[in-house]
Asker: 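Mind looking over this structure? Questions follow.
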Number of protein chains: 2
Amino acid sequence: MDRRIEKSRQAIMDAFTKLMLEKDFEKITINEIAELANVNRGTVYSHYVDIFDLLNQCIENHINKLFETCQSRGNTTDISCKDSLGRTFTYLEKHAFFYSKMLTSKSATAFRNRLHALMVKSVEEQLALSSLTKDVNQEIMVQYFASATIGVVEWWVTHSMPYPAEYMAEQLLSLMERYQNMRT
Amino acid sequence: MDRRIEKSRQAIMDAFTKLMLEKDFEKITINEIAELANVNRGTVYSHYVDIFDLLNQCIENHINKLFETCQSRGNTTDISCKDSLGRTFTYLEKHAFFYSKMLTSKSATAFRNRLHALMVKSVEEQLALSSLTKDVNQEIMVQYFASATIGVVEWWVTHSMPYPAEYMAEQLLSLMERYQNMRT
DNA sequence: TTTGTTTTGTTTATTAAGCAACAGTTGAGG
DNA sequence: CCTCAACTGTTGCTTAATAAACAAAACAAA
């Protein structure tokens, strides 16, 4: 890809993220973003239709990075392994400021929904691998696990991370294992 | 000015300066610079005719910054004031790694000559303000002071700054003042 | 010396980013 | 209510930057 595109996008995203951290989304203007990104205003419009599109793509990027972090290293898509969970919580801890802002701002729903959707997809993939088709409704189970996980993460981040990432990973893993034991 | 030009120049200069610090000038290639600057190779050539031009402009930029630092704040062009000298040595201390490299590398002459030329010009301006036209040859005096100052600076930088910047400023000021007392 | 690799400049056509100007919205304050 | 200022999208034209390809030169190793 043309490196100019990459550079412009990066500059705009960085500027937007930075502004999100220091003020409300509603107060952010395209002018500000362009100025901070050191990019012409028109360039912003050539990449994003409006500021909502920008927000969505920003969310998309960050969540993708989160999931990459979660899945990388081990080629197995196994989310419930300790290593994977640990890295995820550490990543969240590092970017806690951003995620906290995202989850508490007025535009939080967009972020939360996107996160939930991706988690649902991830859990579905997990279940597809495991060979259980008992008397439990798969669809409901997926919602159950996704919501449970997201809920824990959201609570942890928005409550100033009262426990260390390592501990959180252990606890969540323990909860997941408890289910697996139930199954057998 | 078009912000693209500014950005490209900055990226190229930064990359070049960075490479100068970690390897010999002779070993640096245009390819490397373009890659590190994240810029097309052709862009480098559109701003600089070759790597020597790049070196010269790099030198020019750094020396200009040095002199700006030296002259800023006090609108008076008085180099020999304590404040001004202090700032200059502090600046040199901060960028010592770069200046040391510049003054010891094989391409040092270019840098040294440019520095000397600018110092000569500066001293000339100083003398033009002061109303002394005694029995001393002005041209020689200019060379004398310029060389003296540069010599001290060069020695200080290339010898790992054996004294703090503050102290150097004091000492040099003292030497300058001694001359002024002689004059009266 | 010969061979293969890398670097150097230069050129081409294509495209992203630049600036400026515009009319239409919005929003806060007098 | 009205005004003024700032912001929003959009447009037309210009220009810097891009990728790709090239021959010539420099270079290292066989």
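These values consider heavy atoms only, across backbone and side chains, with no hydrogens, waters or symmetry-generated copies. Chain letters run A, B, ... following the sequence lines, proteins first and then strands; every chain starts at 1.
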Asker: Let's test this: given Watson-Crick or G-U wobble pairing with both distances under 3.5 Å, identify the partner of D/dA30.
Answerer: C/dT1
Asker: So does A/K7 get a side-chain nitrogen or oxygen closer than 4.0 Å to the phosphate oxygens (OP1/OP2) of D/dA17?
Answerer: no
Asker: Ring centres of A/F111 and A/Y99 under 6.0 Å apart?
Answerer: yes
Asker: Please classify the nucleic acid contact of A/K27 as base, sugar-phosphate, or nothing, using heavy-atom distances under 4.0 Å.
Answerer: nothing
Asker: Taking only side-chain nitrogens and oxygens of B/H47, does any of them come within less than 4.0 Å of OP1 or OP2 of D/dA17?
Answerer: yes
Asker: Considering only heavy atoms and no angle criterion, is a donor-acceptor pair shorter than 3.5 Å present between the side chain of A/R4 and the base of D/dA17?
Answerer: yes
Asker: So does A/K23 pair up with A/E32, basic N to acidic O under 4.0 Å?
Answerer: yes
Asker: Please report the distance, rounded to the nearest Å, between CZ in B/F52 and C1' in C/dT7.
Answerer: 13 Å
Asker: Which of the following nucleotides, C/dT8, C/dG18, D/dT18, is nearest to the side chain of B/I30?
Answerer: C/dT8
Asker: Measure from CD1 on A/I5 to P on C/dA16 and round the result to the nearest Å.
Answerer: 5 Å
Asker: Please confirm whether the backbone N or O of A/M168 pairs with a side-chain atom of A/W156, one donor and one acceptor, at under 3.5 Å?
Answerer: no
Asker: Please determine whether a side-chain nitrogen of the Lys or Arg among B/K18 and B/D14 lies less than 4.0 Å from a carboxylate oxygen of the Asp or Glu.
Answerer: no
Asker: Please confirm whether the backbone N or O of A/D24 pairs with a side-chain atom of A/K101, one donor and one acceptor, at under 3.5 Å?
Answerer: no
Asker: Answer with base, sugar-phosphate or nothing: what part of the nucleic acid does A/V39 contact at a heavy-atom distance below 4.0 Å?
Answerer: sugar-phosphate
Asker: Return the value, rounded to whole Å, for the distance between atom CG of B/L54 and atom C1' of C/dG9.
Answerer: 15 Å
Asker: Which pair of heavy atoms, one from B/F145 and one from B/V123, lies closest together, and at what distance?
Answerer: CB-CG1, 4.1 Å
Asker: Side chain of A/R3 only, please: which of C/dT15, C/dG9, D/dA19 is the nearest?
Answerer: D/dA19
Asker: Which nucleotide wins on minimum distance to the side chain of B/Y45, given the candidates D/dA17, C/dC19, C/dT10?
Answerer: C/dT10
Asker: Return yes when atom CD of A/E6 has more than 12 non-hydrogen atoms of other residues, nucleotides or ligands closer than 6.0 Å, and no otherwise.
Answerer: no
Asker: What integer distance in Å separates A/E35:CD from C/dG18:P?
Answerer: 14 Å
Asker: Taking 4.0 Å as the cut-off, does a side-chain nitrogen or oxygen of A/T43 come that near to OP1 or OP2 on C/dA16?
Answerer: no
Asker: Mind calculating the distance between CG (B/N38) and C1' (D/dT18) to the nearest angstrom?
Answerer: 12 Å
Asker: Taking the side chain of B/N40 as heavy atoms from C-beta outward, which of C/dT8, C/dA17, D/dA19 is closest to it?
Answerer: D/dA19
Asker: Looking only at the side chain of A/S8 (C-beta and beyond, no hydrogens), which of the listed nucleotides D/dT18, C/dA17, C/dT7 gets closest?
Answerer: C/dA17
Asker: Along nucleotides 21-27 of chain C, 5' to 3', which nucleotides get a B, which get an S, and which get a -, given that the test is a protein heavy-atom distance under 4.0 Å?
Answerer: B------
Asker: Would one find a side-chain N or O of B/N31 under 4.0 angstrom from OP1 or OP2 of C/dT8?
Answerer: yes
